[in-house]
2 protein chains.
Amino acid sequence: MSVTIKDIAKVAGVSYATVSRALNDHPDINEKTKKKIKKIAKQMGYTPNAVARGLVKKNTNMIALLIPDISNPFYPEVARGVEDIARKNGYCVFLCNTNWDEQNEHKYLNILKERRVDGIIIAPVTIDTYHYVSKEKADVPVVYIGNRIDDSSSSFVVIDDFKAGYIATEYLVKLGHRNIAFIGGHDRTTSHLDRINGYKRALTEHKLETDINIIKDYSFKKESGYLIFLEMVKNRRVPTAIVAENDIIALGIMEAAEKHGYEVPRDISIIGIDDIEFGSLSKINLTTVAQPKFEIGQKSAGILLDLISGSIESKQVILEPFLIVRGTCSRI
Amino acid sequence: MSVTIKDIAKVAGVSYATVSRALNDHPDINEKTKKKIKKIAKQMGYTPNAVARGLVKKNTNMIALLIPDISNPFYPEVARGVEDIARKNGYCVFLCNTNWDEQNEHKYLNILKERRVDGIIIAPVTIDTYHYVSKEKADVPVVYIGNRIDDSSSSFVVIDDFKAGYIATEYLVKLGHRNIAFIGGHDRTTSHLDRINGYKRALTEHKLETDINIIKDYSFKKESGYLIFLEMVKNRRVPTAIVAENDIIALGIMEAAEKHGYEVPRDISIIGIDDIEFGSLSKINLTTVAQPKFEIGQKSAGILLDLISGSIESKQVILEPFLIVRGTCSRI
DNA sequence: ATGATAATTTTAAACGTTTACGAAAAAAGG
DNA sequence: CCTTTTTTCGTAAACGTTTAAAATTATCAT
């Protein structure tokens, strides 16, 4: 049984309301008694009970971050960003890994509701997440990352995914490629849709044909990219260049290419999107379109806190992606 | 204002104690009223308030996982392991990133105390963490990972780090290397100490000289390995083989070697410890000594839950590391 | 019908805080 | 020295649950 405010009140010879106020630096408490009470509290090893406080104050000072895949280095980086801001403002963050599974996502959303978190940042598995959240009337503020929401009353921070797809593809075109394929995930995410549209636009602008390959399973793993490329070689439809929807997929593609006698970038050029840390290893040296991961985390946390404090109604942020030229793409 | 048990009681025409029991499937509630109440609860969109419950039940069903570096893919993997077990048992996990900083670690420990988490799994920054935790008389169960604790009443799960160091070094010796250096982090962690001792033992058993290089800053980043290797070339003391304390360091070393004209493994052999996912990319192909990351997470969570339920007093688990031969080490 | 027993429900206290409101004490003003 | 104002503190209710104990109702054998 840990020591409570009442215990302190007893030894200090004051009411426990006074103790509460003293500990919270309430102005109506005499400076002297404040000191005394604080001293006693420290001596007794008092630790405030956040759950009791949460009950009466109706907030928990916890926010949650839902991400689909903690093993994809992209997400830890944004997690660091949100934690950075959250911590500086006295918030703790619950990190939940949905594992690219809508079921898990929904379960977590319910748990978080029960736990009365003050706000949620969510990198949705699919666009349906948004509908689920709205239907469930989550009274908590939510900010989405990696997915535009087509509703001006909701908040999100994304990069301009269209531009990302466009930049990647155009770079390949500029290098002289005419046969450029796209490999990416399911179509239930604006991030995917936008990137694919950027890809299409860049190609049609140059009167080139598109070749879009969609990963069947609803997750982004190296293996998914690997398998798609395998099919390409099986079907003898290997392009001269590939834009991968993200770096993880790109790595999988490179892996498959490598294993089947294609040398990157001599035989095939590959470009990713995200700029995960390991892409920069000189042995990998992945050319990619970067997004500011840490900043995405910070921004979204900042918005969430503003939403919580009520200082804003909603906010939508679109960050700029930028090309990082490394070694996996070459002039044809 | 969300709907409470009292609201339900009112419309159901029963006392709120009955509602509570009905919702919790208490045996002495009539099956019929139970159904009725549950139905009403659902209709009204009731979500139990976990913080109120936590207050009276004196548990939160939350555990925390403290890790030093979420950007090191090793930790997300163990995080997945603990989350796996935690979730299956109705627990949520707080993921806290200490960033290799003892201050942060202590801050988090306090916060977790206030929040009344039911237990903590901690990958300590240094061995001192243990003393801090004991001094603070954390009344919550704690299990350490990655660090043996020299106290039979406390719990941990580690790999046999001595053996890991030994296996790595001996493998290099078997390949014919005679000039083998060790590069690793600070000496305030048993994991480090043990690995280094395993390294020493393997060398002294073969009457070879040791060459131990310690990273100055207290963190494990690629850059640390990079810098140490730079010094080696500056001092013209480049060995023929290096055992890195972990894969991240190994990658940094490879990077530095590469950039300075050393081809791996032709000019220098490098072996890591951990087996992070990206080491297996064919372009990297890092030879390493693996530890069962996911299992470490699962095991530690399992122990923690047993500790919480009181079914055990303490438990210490030492898992076996195993060599994974890939392409960064060659016969000399 | 009558106790006795079992099944079901209610009452009330508790968990550890915060906080509106009021009371007492101290300070200020006349 | 009395009133007014200000400062400081205490009382009590509230937050939304759970749960022991008491109370009520139903069941059943006699």
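All chains are named by letter (A, B, ...) in the order of the sequence lines, taking the proteins before the strands, and each is independently numbered beginning at 1.
Among the atoms of the strands shown, only primed sugar atoms or phosphate atoms (P, OP1, OP2) are found under 4.0 Å from some heavy atom of B:V14.
In this structure, CD1 of A:I29 is placed 13 Å from P of C:dT19, rounded to the nearest angstrom. We find that CD of B:E31 is positioned 15 Å from C1' of C:dT9, with the value rounded to whole Å. The nearest whole Å value for the distance from the CG atom in B:L23 to the P atom in D:dG16 is 15 Å. When rounded to the nearest whole Å, the span between CG of A:L55 and P of C:dC15 equals 14 Å. Between the NE2 atom of A:H26 and the C1' atom of C:dT18 there is a distance of 11 Å, given to the nearest Å. One can place NZ of B:K35 at 17 Å from C1' of C:dT8, the figure rounded to the nearest angstrom.
Phosphate proximity of D:dC9 to A:T33: present, with a side-chain N or O under 4.0 Å from OP1 or OP2. Taking side-chain N and O atoms only, B:K32 has no distance below 4.0 Å to OP1 or OP2 of C:dT8.
For the residue pair A:T129 and A:E102, no side-chain donor N or O sits within less than 3.5 Å of a side-chain acceptor on the partner. Using modelled atom types, one finds no donor on one side chain facing an acceptor on the other under 3.5 Å when comparing B:S155 with B:Q316. Judged by distance alone, the side chains of B:S153 and B:E313 never bring a donor and an acceptor atom under 3.5 Å apart.
Between A:R188 and A:D128, at least one side-chain nitrogen of the basic residue sits less than 4.0 Å from a carboxylate oxygen of the acidic one, meeting the salt-bridge criterion. Note on B:K299 versus B:E295: salt bridge recorded, some NZ/NE/NH1/NH2 to OD/OE distance being below 4.0 Å. Salt-bridge annotation for B:D84 and B:R80: absent, with no side-chain N of the basic residue lying under 4.0 Å from a carboxylate O of the acidic one.
Across all their heavy atoms, B:V143 and B:L307 have their closest contact at CG1-CD2, 4.2 Å. B:I37 and B:A22 make their closest contact through CD1-CB, 3.7 Å (heavy atoms, listed as atom of the first residue, atom of the second, distance).
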(message) At under 4.0 Å between heavy atoms, how does the protein contact nucleotides 22-27 of chain C? Give one character per nucleotide, 5' to 3', with B, S or -.
(response) ------
(request) Any chance you could list the contact pattern along nucleotides 17-23 of chain D? Use B for base contacts, S for sugar-phosphate-only contacts and - for none, protein heavy atoms under 4.0 Å, 5' to 3'. (result) BBBBB--
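A:Y130 and A:Y144 have perpendicular rings, their planes meeting at more than 60° on a 0 to 90° scale where under 30° would count as parallel.
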(request) Give the intermediate values and the outcome of side-chain hydrogen bond (donor to acceptor under 3.5 Å, both in side chains) for residues B:N59 and B:R53. (result) CA-CA 8 Å; B:N59 66 8; B:R53 173 185 299 157; over 6 Å; no
(request) Tell me, with the steps shown, if B:T189 and B:S191 meet side-chain hydrogen bond (donor to acceptor under 3.5 Å, both in side chains). (result) CA-CA 5 Å; B:T189 234; B:S191 138; 5.5 Å; no
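Between the axis at the start and the axis at the end of the helix from C:dA1-D:dT30 to C:dG30-D:dC1 there is an angle of 50°, using five pairs per end and rounding to 10 degrees.
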